[in-house]
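This report refers to the structure that appears directly beneath it.
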Number of protein chains: 2
Amino acid sequence: MPIKVALVEDNIDYRTGTSLVLRHSTQCLMVGTYEKAEDLISEFDEILPDVVLMDIGLPGMNGVEASRQLKNCYPNVQIVILSVFEDDENVFKAICAGASGYLKKPVMPERLVGAVEDAYSGGTPMSPKIARKVLDMFKSFAPTARKDYSLSEREKEVLKLLVDGDDYKIIAEKLFISVHTVRAHIRSIYDKLHVHSKSQAVSKALREQIIHS
Amino acid sequence: MPIKVALVEDNIDYRTGTSLVLRHSTQCLMVGTYEKAEDLISEFDEILPDVVLMDIGLPGMNGVEASRQLKNCYPNVQIVILSVFEDDENVFKAICAGASGYLKKPVMPERLVGAVEDAYSGGTPMSPKIARKVLDMFKSFAPTARKDYSLSEREKEVLKLLVDGDDYKIIAEKLFISVHTVRAHIRSIYDKLHVHSKSQAVSKALREQIIHS
DNA sequence: TAGTCAATAGCACAAATGGGGGATTTTTAT
DNA sequence: ATAAAAATCCCCCATTTGTGCTATTGACTA
């Protein structure tokens, strides 16, 4: 059974060219080409494509917003962005909108068919430069070399509860120890983190990912 | 000028096979093949490869750790992971270690040369399934739909300072208002966030990104 | 024009907190 | 075996905080 593909692209030349390439593939079945995202959305129920190739710069609704709406109504559709834009902003938004592929235009014909197959089979076709951008953003989020304040296990437990908003009493109850001990742990935590209040400790714990929320 | 490539791979068959493929490419120049990452690291200064193809499952130092060390000493080297592993854990660690490519073994010969070129020219070759994993992790980090607690601008200012760990007095001084007013604002903030202490407010503000740290 | 809301300011008081001293026991490492 | 580190518990006390009230001003709205 061929993969049902729809295309949204406002440039007529590019639209017919891309469409032609896909029609020549035996694995793909073009079920619709559209100039505007709104047109695809209104007809979507009738054609039910497996994969949508989506431009970003469109008249009317842009491709990112269209992707968000489509993904919202039809979570199983695979959306591959085809765009000349490769700035952080667009890439980021497209991913968050649920796109599962992002290719920089122009796309080589053979790459196009491969991308549709990739997307359909659970992969994420991406131009290498775009992938690099994603990786860079990824790194900027996650794994900033975090300092080691050498908190003991117990202290981390207490800090975790502080972050949850518990007061001394509650912490004592949850850990089956006296309030005095809780105070002692918290004092030690403050020492190690160089802070002087619960809110400072909580802030530092979350910002520096000492405690994983 | 050809791209200087080094390969670290413990399996002899795979090592000779991969090496052979690259030797047949005019764009690439194999400058070293290694069974252990330690061997590459100790010889690195003499051969200075542009791109390193790195296995993960190695005897001695694993490929992720080796990548971290290489990237640390030679930030310009491009490391492409070749691995049978495609679990979140390994992919995540490899990226954080500075890998700029990740291909699932076995790799098609023509893909291999393309990957080296991609990596060398600032791209990030990735198998589509791996890319999907990265995207999923990416999404899990970034953009959770945040609630609207309809804090006023002034309240957000105060909350920001709470998150910075300031106490009532300091906040009053910074905003040129009386402590009483600060208390009033904080009361209102607590109402709207449904919390009852500074630490809870700070925690909620950071976790739900009401305040952008 | 009356009503709502945000921002400002105040009073009072109990509870929670932070910091200053300790001490004892258990675990860990050398 | 012995020293160091972690975990436990206790006292005191000033300060900070949370929350119950009230009240004035200005800006916007129905």
Side-chain angles (χ1 to χ4, degrees), chain A residues 145-213, chain B residues 61 65 145-213:
Chain A
R146 33 184 167 285
K147 291 173 203 158
D148 176 25
Y149 295 98
S150 60
L151 296 179
S152 73
E153 281 312 307
R154 199 53 156 174
E155 285 160 358
K156 282 180 200 164
E157 277 185 89
V158 173
L159 184 53
K160 173 89 180 60
L161 295 174
L162 278 185
V163 168
D164 287 344
D166 295 338
D167 66 21
Y168 290 17
K169 269 186 205 164
I170 308 286
I171 295 176
E173 285 167 21
K174 286 191 180 172
L175 298 182
F176 306 106
I177 54 181
S178 87
V179 192
H180 300 291
T181 310
V182 173
R183 294 166 64 77
H185 285 310
I186 288 180
R187 243 188 299 201
S188 170
I189 292 170
Y190 288 1
D191 272 354
K192 292 180 180 176
L193 298 190
H194 306 299
V195 298
H196 305 280
S197 73
K198 284 210 294 186
S199 45
Q200 287 174 352
V202 168
S203 183
K204 199 154 190 168
L206 286 174
R207 282 174 161 168
E208 306 191 13
Q209 308 193 358
I210 301 165
I211 256 56
H212 316 291
S213 65
Chain B
M61 187 187 302
E65 184 49 35
R146 35 183 166 284
K147 292 174 201 156
D148 175 27
Y149 295 96
S150 60
L151 296 179
S152 74
E153 280 312 306
R154 199 54 158 171
E155 285 160 359
K156 281 182 201 163
E157 278 184 88
V158 173
L159 183 53
K160 173 89 180 63
L161 294 175
L162 278 186
V163 168
D164 287 343
D166 296 338
D167 66 21
Y168 290 17
K169 267 187 206 163
I170 309 285
I171 295 177
E173 285 166 21
K174 286 190 179 173
L175 297 182
F176 306 106
I177 54 181
S178 88
V179 190
H180 300 292
T181 309
V182 173
R183 295 164 73 81
H185 284 310
I186 288 179
R187 232 187 300 216
S188 170
I189 292 169
Y190 287 2
D191 273 353
K192 291 179 179 175
L193 298 191
H194 305 300
V195 299
H196 303 280
S197 73
K198 285 210 293 187
S199 45
Q200 288 174 351
V202 168
S203 182
K204 201 155 189 167
L206 286 175
R207 282 175 162 168
E208 306 191 13
Q209 309 194 358
I210 301 165
I211 257 56
H212 316 290
S213 66

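Labels below follow one simple rule: chain letters A, B, ... track the order of the sequence lines, proteins then strands, and each chain is numbered from 1.
The base of C:dG18 is not paired with the side chain of A:R187 by any donor and acceptor separated by under 3.5 Å.
Here the rule is side chain to side chain contact (heavy atoms under 4.5 Å, CB included) with A:I186, and of A:T181, A:L162, A:L159 only A:L162 fits it. When each of A:D167, A:D166, A:D164 is tested with A:K174 by the rule salt bridge (charged side-chain N to carboxylate O under 4.0 Å, His left out), just one qualifies, namely A:D166.
Contact check on A:E157 versus A:K160 returns no salt bridge, with no Lys/Arg side-chain nitrogen under 4.0 Å from an Asp/Glu carboxylate oxygen.
Whole-Å rounding puts the B:I170 CD1 to D:dT15 C1' distance at 13 Å. If you take CG of B:D191 and P of C:dA6, they are 11 Å apart, rounded to a whole angstrom. Nucleotide C:dC5 holds its P atom 18 Å from the CD atom of B:E153, rounded to whole Å. Protein atom CD1 of A:I189 is 18 Å distant from nucleotide atom P of D:dA5, rounded to whole Å. Between the P atom of D:dG26 and the CD1 atom of B:I177 lies a distance of 18 Å, rounded to the nearest Å. Put simply, CD1 on B:I171 is 14 Å from C1' on D:dG18, counting in whole angstrom units. Here C:dT8 presents its P atom at 12 Å from CZ of B:F176, a figure rounded to the nearest Å. Look at NE2 on A:H194: it is 17 Å from P on C:dG18, rounded to the nearest Å.
Nearest to the side-chain atoms of B:Y190 among the listed nucleotides D:dT8, D:dT19, D:dC10 stands D:dT19. The side chain of A:H185 approaches D:dT8 more closely than any other nucleotide in the set C:dA16, C:dT8, D:dT8. Looking at the side chain of A:D167, the nearest of the listed nucleotides C:dA7, C:dG18, C:dT17 is C:dT17. Checking D:dT17, D:dT19, C:dG18 against every side-chain atom of B:H196, the shortest atom distance belongs to D:dT19. In this structure, the nucleotide among C:dT8, C:dG18, D:dA7 sitting nearest to the side chain of A:I186 is C:dG18. Candidate nucleotides D:dT17, D:dA7, C:dG18 were compared by shortest atom distance to the side chain of B:R183, and D:dT17 ranks first.
Counting any heavy atom pair closer than 4.0 Å across all strands shown, B:T181 reaches a base atom. Using a 4.0 Å heavy-atom distance criterion, B:S188 is classed as making no nucleic acid contact. Here A:H180 lies in heavy-atom contact (under 4.0 Å) with a base.
Formation of a donor-acceptor pair under 3.5 Å by the A:K204 side chain with backbone atoms of A:L193 is found in this model. With B:Y190 contributing its side chain and B:K198 its backbone, the two residues share a donor-acceptor pair below 3.5 Å.
Judged by closest nucleotide on DNA chain C, B:V179 is the one of B:V179 and A:K198 placed further toward the 5' end. Of the two residues near DNA chain D, B:S197 and A:S178, the one whose nearest nucleotide lies more 5' is A:S178.
In this structure, a donor-acceptor pair under 3.5 Å is absent between the side chains of B:E155 and B:Y149.
The shortest distance between the side-chain N/O atoms of A:R154 and the OP1/OP2 oxygens of D:dT8 is below 4.0 Å. OP1 or OP2 of D:dG18 sits under 4.0 Å from a side-chain N or O of B:Y168.
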